[in-house]
There are 2 protein chains.
Amino acid sequence: MGQVIETKAKGAAQVAHKGKAASRLTAEDLRKLLPLGEILDGDCIEAMRSLPDNSVDMVFADPPYNLQLGGDLNRPDGSHVDAVTDDWDHFDSFRAYDEFTRGWLAEARRVLKPNGSLWVIGSYHNIFRVGATLQDLGFWILNDIIWRKTNPMPNFRGTRFTNAHETLIWAGMGEKSRYTFNYRAMKTLNDELQMRSDWVLPICSGAERLKENGHKAHPTQKPESLLYRVMLATTNKGDVVLDPFFGTGTTGAVAKRLGREWIGCERESKYRRVATARIEKELPLDESAITTMQAKRSAPRVAFGALVEAGYVKPGTVVFDKKRRWEATVRADGSLVSNKQDGSIHALGAKLQGAPSCNGWTFWHFEDGNEIKPLDAARDLYRLATED
Amino acid sequence: MGQVIETKAKGAAQVAHKGKAASRLTAEDLRKLLPLGEILDGDCIEAMRSLPDNSVDMVFADPPYNLQLGGDLNRPDGSHVDAVTDDWDHFDSFRAYDEFTRGWLAEARRVLKPNGSLWVIGSYHNIFRVGATLQDLGFWILNDIIWRKTNPMPNFRGTRFTNAHETLIWAGMGEKSRYTFNYRAMKTLNDELQMRSDWVLPICSGAERLKENGHKAHPTQKPESLLYRVMLATTNKGDVVLDPFFGTGTTGAVAKRLGREWIGCERESKYRRVATARIEKELPLDESAITTMQAKRSAPRVAFGALVEAGYVKPGTVVFDKKRRWEATVRADGSLVSNKQDGSIHALGAKLQGAPSCNGWTFWHFEDGNEIKPLDAARDLYRLATED
DNA sequence: AACCGCGGTGAATCCTTAC
DNA sequence: AGTAAGGATTCACCGCGGT
């Protein structure tokens, strides 16, 4: 396991196993021909060519996103944002990126078993192109999955919405082909509720983030929790998982832990080295432990603006404190305005009282019929109505 | 408002207003030519042809995505695309959908102002194709937004993840083009945290869901809260919003409420009828309720020198950063001097910190009695006093 | 010991106006 | 059109060192 081999060394095997011949081999024969637990050196399309047809159960791919970043970016405190500027993420045009995408997807398709499935992760920069291309190649999308990051990087310049998620596509080989989906495992993992298409997970940081000389070893290391859920959901124990963009080997580490076989492709020797050492250290779980990891459910935070949007509090509503010392009017964005001063329910409450802070939910009240209620009461109603 | 007109009736106008001629008209002239508050009858590509170039501030589109509905597909030239339901022919079906998509997106692009923006909503069936196509046409994606449904329909057969979200794409006209984004309003709406790319909103149900004879009037009616957030974020009061797939008029209803102008296209007379009645009943909010928190950038610009001239900050005043790592003295012309270095409040702050830039208004502080205040506080006072 | 403040950082298509 | 200057802008989490 973890051994790095040269693509070239598989040259002979490639010829022997390609084409229909492979289907005449038994499953066990086929498996013996696969470089299980190895990181293939070189361009992923080339490397995949060394693998036989119809031999892999699942492909997980984290391709370059083609970010097309502009100049430097600094945080409001002046510190510099460490961007992804590596050569491997640079393409000359959408066309060039599409060609690259079509190339590796076609190889992945050849290598996949008829009932295998494909996962790809990406952002809005590339995921629409990837999705359209894989549909063109005959893949059948089963779900798109949203990874909602609990701790994304903010938008420092206040120019757009915080980019707080990434998208994964899960696809089968065709409309009629079968695929593995461990429904019960997912439901158990999710407190006996069906697992949804949005997954709330933190980004990879802390001890899990691999470092070399104090710097991150890879700019885009994915969290193990993400791969954990992917594999638990759509592979069985002993299945073969191929990752064409292996990087620092998150896929390999999680596969080993969960008792899946793995094959990686990675052209940067530095990443291969880091991944090999990482996976070496990983210990397989025993079977009983595999089902114990539980997903945390977080209490939903409700913004006052959401109540306004949803009509629980109408713009124009007059609100006031309990002693009616101050009055304010609700505006469309959930701000309050009062006599030339305005702000959020919390900020305006604080400003008017001259206090450092204020809980607007309990400070401000409104009339409901002839009752006087705090904003908090409207929030309770909203939570009841939108509960999962 | 709410009147339904025939596309054909605009035929003459169409010729007169198309092309470069439109750009020579004043904004007010142009607006008079637009069918504001009307639902254009017919295929949306045809209907959009009746609108002048560069005349619309925002397009919100909820296109059909069911690839089996061949009857919904028309080529850009208006000709009908035969339904292709054979599973072996999915490629052709995608191609027809792409053609249709390219057709309406191209018209939307022509009609949009140079600094306008486009919203499209879809699911994994179509959104990847739409996203790739709009990139190909030159649109520049600003965000992809996830509408995370609080109450999605479960996956009854337990064969996949619960499809609990839809995807929206927000795009500007090009990489360099500007666009409207009401950052402060969004931050306020989200309790003083940046609005993220994942929006948690309930699906449209209950009293909001339009019914006819006890059955839902439209199969995919969108919640008003979704349109509310879209319009509040990316349009200003009085802006023109075009919806090429108007359906039961959620876009029109919310636009009217928020003081935006709207134009719809809808080929089904039943939907036009329902939408017209619905929008008729909608009441606009009054102006003060529509007002939202304003960006600091929109406040009149004040030179620091003006504060010195007016005596709000006296020459010779010692200013310092919050941690008192640096000190400087105010000179008569509004520059600062510190230990042989000098410059504007911004330039000197940047120089001393070795930072690429610095906001001198918030960086430098001064003593006022025994309080320490940022220069920004003096600017606020000056602005209040010199308000017109 | 537990808590607090500070510094660091993460797949990011991240400014606007005047001259 | 290009350049220079003004000045607006951040959330969650982790580790460390001091109290």
Side-chain angles (χ1 to χ4, degrees), chain A residues 62-86 88-91 94 121-127 147 149-167 202-209 211 214-216 218-223 245 247 298 301, chain B residues 135 139-144 170-172 174-176 178-179 181 183-184 187 190-197 295-299 301-305 323 334 343-350 355-364 374-376 379:
Chain A
D62 181 11
Y65 287 7
N66 188 23
L67 284 186
Q68 304 176 257
L69 300 180
D72 281 359
L73 179 62
N74 295 291
R75 298 186 181 80
D77 66 7
S79 63
H80 184 253
V81 175
D82 187 16
V84 179
T85 50
D86 309 62
W88 51 254
D89 196 46
H90 181 77
F91 293 83
F94 279 136
I121 182 166
S123 67
Y124 66 82
H125 309 85
N126 71 323
I127 198 66
W147 168 26
K149 302 180 185 183
T150 55
N151 48 350
M153 183 158 61
N155 181 295
F156 296 116
R157 306 299 294 266
T159 55
R160 302 179 182 188
F161 298 98
T162 305
N163 196 2
H165 74 275
E166 293 187 26
T167 301
I203 61 176
C204 179
S205 66
E208 188 187 324
R209 188 87 195 200
K211 300 265 165 73
H215 296 94
K216 54 187 176 190
H218 193 284
T220 70
Q221 187 185 340
K222 295 293 175 288
F245 306 95
S298 51
R301 195 182 60 85
Chain B
Q135 285 181 313
F139 284 106
W140 190 251
I141 298 182
L142 299 165
N143 277 116
D144 60 335
W170 176 41
E175 181 173 357
K176 305 290 180 199
R178 305 180 58 181
Y179 53 90
F181 181 56
Y183 175 74
R184 281 295 325 170
K187 190 167 175 177
N190 195 34
D191 270 8
E192 294 299 316
L193 286 178
Q194 285 192 340
M195 187 66 84
R196 301 170 35 122
S197 57
K296 253 193 168 172
R297 281 193 190 98
S298 63
R301 192 149 157 174
V302 175
F304 182 62
K323 291 178 189 166
S344 72
I345 57 172
H346 313 295
L348 183 63
S357 70
C358 165
N359 182 344
W361 292 109
T362 51
F363 179 74
W364 295 108
L375 293 183
D376 216 14
R379 183 170 60 166

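Order of the sequence lines fixes the chain letters, A, B, ..., with proteins taken first and strands second; residue numbering starts at 1 for each chain. Given the structure is predicted, the values throughout are model-derived calculations rather than measurements.
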Are the ring centres of His125(A) and Trp140(B) closer than 6.0 Å?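 No, they do not, as the ring centres are separated by 6.0 Å or more.
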
Compute the ring centroids of Phe181(B) and Trp170(B), then answer whether they are less than 6.0 Å apart.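 Ring-ring flag for Phe181(B)/Trp170(B): true, centres closer than 6.0 Å.
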
Salt bridge Glu208(A)-Lys222(A), side-chain N to carboxylate O under 4.0 Å: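 No.
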
Using only side-chain N and O atoms of Lys216(A), determine if any of them is under 4.0 Å from OP1 or OP2 of dG10(C).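 Answer is yes, contact under 4.0 Å.
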
Check whether any side-chain N or O of Asn163(A) sits under 4.0 Å from OP1 or OP2 of dT13(C), and answer yes or no.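 Indeed, a polar side-chain atom of Asn163(A) lies that close.
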
Less than 3.5 Å between a donor and an acceptor, one on the side chain of [X] and one on the base of [N], is that the case here?
X: Arg75(A); N: dG10(C); value: yes
X: Arg160(A); N: dT13(C); value: yes
X: Lys149(A); N: dA11(C); value: no

What distance, rounded to whole Å, do you find between the two P atoms, one in dA8(D) and one in dG10(C)?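 Pairwise P distance, dA8(D) against dG10(C), rounds to 28 Å.
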
Can you check the distance between dA5(D) and dT13(C), where both ends of the measurement are the C1' atom (answer in whole Å)?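 Between the two C1' atoms, the distance is 25 Å.
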
Let's test this: given Watson-Crick or G-U wobble pairing with both distances under 3.5 Å, identify the partner of [N].
N: dG2(D); answer: dC19(C)
N: dA8(D); answer: none
N: dG15(D); answer: dC6(C)
N: dT13(C); answer: none

Looking only at the side chain of [X] (C-beta and beyond, no hydrogens), which of the listed nucleotides [options] gets closest?
X: Ser344(B); options: dA12(D), dG6(D), dA11(C); result: dG6(D)
X: His346(B); options: dA8(D), dG6(D), dG10(C); result: dG6(D)
X: Gln135(B); options: dT13(C), dT9(D), dT9(C); result: dT13(C)
X: Lys187(B); options: dG10(C), dT9(C), dC11(D); result: dC11(D)

Quick check: on DNA chain D, is the nucleotide nearest Pro152(A) upstream (toward 5') of the one nearest Ser205(A), or the reverse? Name the residue that is more 5'.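 The residue closer to the strand's 5' end, by nearest nucleotide, is Pro152(A).
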
With heavy atoms under 4.0 Å as the rule, sort Cys358(B) into base, sugar-phosphate or nothing.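 If one applies the 4.0 Å heavy-atom cut-off, Cys358(B) turns out to touch a base.
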
Arg209(A) and Ser205(A): side chain donor to acceptor below 3.5 Å: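 There is no such pair (donor and acceptor under 3.5 Å, judged by atom type) between the side chains of Arg209(A) and Ser205(A).
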
